[in-house]
2 protein chains.
Amino acid sequence: MRDLLTRAGLRATQQRMLILGGLLALRDHPTAEQVHRQVAAKAPTLSLGTVYKALDSFVVAGLVKRVAVADGAARRYDADCSPHHHLFCTATQEILDYRDPQLDQLIQEFLAARGFENFQPHSFSLHIIGEKIIRSA
Amino acid sequence: MRDLLTRAGLRATQQRMLILGGLLALRDHPTAEQVHRQVAAKAPTLSLGTVYKALDSFVVAGLVKRVAVADGAARRYDADCSPHHHLFCTATQEILDYRDPQLDQLIQEFLAARGFENFQPHSFSLHIIGEKIIRSA
DNA sequence: CTCGCTGCAAACGTTTTGCAACCCC
DNA sequence: GGGGTTGCAAAACGTTTGCAGCGAG
């Protein structure tokens with residue numbers, strides 16, 4: 001735990017080691033609140049605010065990722081219900097549409113061929129993270 | 001506008017027509033707040049609460065979709081930074097990991113071959129929406 | 001005429017902030 | 001010892017809810 005943190009350039013405090021350990025222990029994709037509960041047993045005084053701050057620095061350091069979910073607060077809507085994918089620009093925070101029937105078909109065929117043991121997919125969407133290119137010239 | 005609403009089985013009120021029109025006019029993927037601002041010029045008394053309720057019913061009716069984003073409130077974290085995809089269960093709200101190097105390669109090759117005009121991708125993640133199958137037998 | 005929708009405002013849950021005390025480096 | 005981190009509490013933020021009055025069907 002200590003190594004993971006120091007290697008990421010973060011100060012290895014008691015709290016951060018517990019929080020990172022708690023996050024790793026939770027195999028689901030927990031919220032800050034769930035991580036806090038997980039850790040509360042070992043460190044009753046560790047505050048929820050600290051969990052938020054720690055998770056934030058983990059994300060910045062690249063130790064941890066945020067999972068994109070469609071529920072929760074700060075929702076965004078899309079009036080276009082035809083199948084399409086999204087390009088997320090890390091620079092401008094823009095979300096651009098990307099439509100590509102060939103890609104749809106490719107993925108669909110792959111998933112159909114592969115099959116899942118205990119999951120019945122009915123749709124999918126590819127999130128492509130990157131940066132918009134500003135062409136000069 | 002009226003047709004779209006009635007065909008979706010919704011009551012075509014003044015406010016809903018304006019809200020749906022505003023959402024369609026915004027080509028980005030706006031938040032409820034942004035839709036409200038867009039509509040405010042035409043209908044200053046239209047309240048933000050109404051926008052929320054209208055957008056909700058649009059989503060239920062299938063007229064509009066929610067876009068999954070990693071920022072905003074109700075965040076979820078993932079300590080696993082290795083490339084993997086997510087299965088979203090509509091029944092249990094669970095988020096299951098799905099790891100498939102072959103799929104990764106397939107998509108990566110496709111994107112590389114296709115290329116983008118003004119976007120430099122650096123990672124991607126497939127969101128597969130469906131339902132967990134409870135096997136009885 | 002009825003039932004669903006609107007507007008308002010208050011409530012809610014989650015995340016962020018400010019600041020003094022603390023402790024890792 | 002110094003500067004990043006913690007804990008606490010307050011504030012901010014986006015969203016939801018309750019309810020009286022309104023209006024589409």
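Just so we're on the same page: letters track the sequence lines, and every chain starts at 1. No hydrogens, no waters, no symmetry mates; every other heavy atom, side chains included, goes into these values.
The ring of A:Phe116 has its center closer than 6.0 angstrom to the ring center of B:Tyr98.
If you check the side chains of A:Gln105 and A:Glu109, you find a donor sitting under 3.5 Å from an acceptor.
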Open item on the list: Treating primed atoms plus P, OP1 and OP2 as sugar-phosphate and everything else as base, which nucleotides of nucleotides 16-25 of chain C get B, S or - for protein heavy atoms under 4.0 Å?
Closed with: BBB-----BS
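Residues in residues 35-48 of chain A take part in these salt bridge (Lys or Arg N to Asp or Glu O under 4.0 Å) pairs, two or more places apart or across chains: A:Glu33-A:Arg37.
Residues B:Asp28 and B:Gln34 have side chains not in contact (no heavy-atom distance under 4.5 Å, counting atoms from C-beta outward). Proximity of A:Tyr77 to B:Val35: side-chain heavy atoms (C-beta onward) are nowhere separated by under 4.5 Å. Looking at B:Arg11 and B:Leu5, their side chains never come closer than 4.5 Å, going by heavy atoms from C-beta outward.
Between B:Phe124 and B:His85, the ring planes are parallel. Angles under 30° get that label, and only those over 60° would be called perpendicular.
Atom-to-atom, CG of B:Asp3 to P of D:dG25 comes out at 11 Å; the value is rounded to the nearest Å. Computed from coordinates, the B:Arg16 CZ to C:dG4 P distance equals 11 Å when rounded to whole Å. Rounding to whole angstrom units, CG of residue B:Leu55 and C1' of D:dT16 are separated by 14 Å.
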Open item on the list: Set out, in order, the CA-CA distance, both residues' side-chain angles and the distance that settles side-chain contact (heavy atoms from CB on, under 4.5 Å) for B:Val39 and B:Val51, then state yes or no.
Closed with: CA-CA 9 Å; B:Val39 170; B:Val51 174; 5.9 Å; no
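Side-chain proximity of B:Glu33 to the nucleotides C:dT14, C:dC5, D:dG14 is greatest for D:dG14.
Within residues 34-47 of chain A, the residues approaching DNA chain D are A:Thr45, A:Leu46, A:Ser47, by heavy-atom distance under 4.0 Å.
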